[in-house]
Amino acid sequence: MYALVDGNNFYASCERVFKPSLRDKPIVVLSNNDGVIVARSNEAKALGIKMGTPIFEINKLVAQGKILVFSSNYPLYGDMSHRMMQIFSEFSPDMEVYSIDEAFLDFSTFGNIDFKKKGIDIKAKVQKNIGVPVSVGFGQTKTLAKIANRIAKKFMTNTGVAVIDTPKKIEKALKMTEIEDVWGIGRRYSHFLKQKGVKTAWDFTQLSDTFIKKNMSVVGLRTKEELLGISCIPMEFVPPTRKSIRTARTFVAATNSYDFVAEAVANFAASCGQKLRSQQSVAHLLTVFLRTNPFDKKNPYYANSFTIQITEASSSSIDLIQHAHKALQIIFKKKYKYKKAGVMVSGLQPDKHRQLTLFDDGHYQKHTKVMRVMDKLNAENGYELVKIGAQGASRAKLLKQEQRSSRYTTRWDELLVIKC
DNA sequence: TCTGGGGTCCTAGGACCC
DNA sequence: TCTGGGGTCCTAGGACCC
């Protein structure tokens, strides 16, 4: 048996932990830049607010005080997530951290235990130690655990735990699960399947293998097997190293200033460098992309990208920024106003196996030392104490975050301000 | 006026090899 | 008229996840 444990309305619940007065109130959390809604409390859901709604569509409700709004506070959610995972792992050493708010737990070595009780224990301990409500779903495959979790959240509101452990329960669970709620069936496929008369997860399992393979590839076939209790998607106990890394942002206002975009791109490249170093990788390819505002009907749309081959693979922010600026100069056109830009590094390999070239000038070794010191200082002293000159003096102007809560668990100075 | 960010996997088709 | 067989690698596009 596998369990899927996840935080209910995770970001919204994190905000509530530190402001108990928000309990029972409709609250939403916004994306970076305060653009769209990415998390909602149950009360906000009850008001009919949908995931991904642009904030300006609910301005009226906000002005009337009927709904409370928070900018996203990722340092807080990340730290809360880490603490929550610690608790999860106490219940099974075989854990896969699947996303910021959910994890699979493998109970296959536990024999025939009382899963319902186990789920209730997990929920109680997380509630007590972290203060975030969670739901727990048990099933014989990861896909079934996902379905059980959904049922727990939707129907088992008293316990928050659901167990699917017999063929009879599987059938019942599949019949009450809409096809679009199945893990692995997204918007396109559920639309397609509904046209074919497939409404529930159960209907899907009645389709022939050839039909599924033909229209949905082996991925669809795996989902069918998983729904029938045959495990095809293995646990990943250690997070795989990333094959590509990207940092991108939407700008608060569209701009045609090369200097502004270049500084932003320098920050994105530096961020990619930091992420590369944290997983001990170097990159062979660096892509810079930018685009104008696709919602702007008055001005022509322009989107472009350019990829640089890095002969001497690197994770040095200094190198990456230089390459990024080279790429930017190729695609930047002054006549457009840019709304979004980003940097992606790919062709990653372990830094230990970095390929040397004939023309290696040894600068990489020097950079490595500088980067090590920079990363250490930044880790110890808070956010980006030391950075590269091209990144500019302040990063604050890149992000609109008007309603951000304090970094309660990671920034004691902010917490102190609140207490005063 | 205002619309997020960061990933993965699979397949088909083209280019190339002997 | 008839035009081999068996591969690999790369890329773009489409699907999915949170």
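Salt-bridge annotation for Asp6(A) and Lys153(A): present, with a side-chain N of the basic residue lying under 4.0 Å from a carboxylate O of the acidic one.
If you take CD on Glu263(A) and CG on Asp259(A), they are separated by 8.5 Å, rounding to the nearest 0.5 Å.
Between Lys340(A) and Arg222(A), the residue whose closest nucleotide on DNA chain B is further toward the 5' end is Lys340(A). Summary of the strand contacts: Gly52(A) and Lys213(A) both lie near DNA chain B, and taking for each the nucleotide with the nearest heavy atom, the more 5' one is attributed to Gly52(A).
Among the heavy atoms of the strands lying under 4.0 Å from Glu102(A) are primed sugar atoms or P, OP1, OP2 only; no base atom is included. The residue Lys298(A) sits apart from the nucleic acid: no heavy atom pair falls under 4.0 Å. Contacts of Val97(A) with the nucleic acid, taken as non-hydrogen atoms under 4.0 Å apart, are absent. Within the 4.0 angstrom heavy-atom criterion, no nucleotide atom of any strand lies near Asp34(A). Within the nucleic acid shown, Ile185(A) comes within 4.0 Å of sugar-phosphate atoms alone, with no base atom in reach, counting heavy atoms only.
The cationic atom of Arg354(A) (NZ for Lys, CZ for Arg) lies less than 6.0 Å from the six-membered ring centre of Tyr364(A) and within 45° of the ring axis.
Each of Ile122(A), Asn8(A), Thr159(A) was compared with Ser135(A) under the side-chain contact (heavy atoms from CB on, under 4.5 Å) criterion, and only Asn8(A) meets it.
When DNA chain C is scanned in the 5' to 3' direction for atoms under 4.0 Å from non-hydrogen atoms of chain A, the outermost contacting nucleotides are dA15(C) to dC18(C).
Asp375(A) is linked by a salt bridge (Lys or Arg N to Asp or Glu O under 4.0 Å) to Arg277(A), counting only residues two or more places apart in sequence or in another chain.
Base pairing in DNA chain C yields stems of at least 3 consecutive Watson-Crick or G-U pairs, both distances under 3.5 Å, namely B:5-18 with C:5-18.
Between Tyr258(A) and Phe332(A), the ring-plane angle classifies as perpendicular under the 30° and 60° cut-offs.
Under the 3.5 Å distance criterion, with hydrogens and angles disregarded, a donor-acceptor pair is assigned to the side chains of Glu15(A) and Tyr77(A).
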**OP:** Before giving the answer on side chain to side chain donor-acceptor pair (under 3.5 Å), spell out for Thr210(A) and Ser208(A) the whole-Å C-alpha distance, their side-chain angles and the decisive distance to 0.1 Å.
**Re:** CA-CA 5 Å; Thr210(A) 30; Ser208(A) 77; 3.2 Å; yes
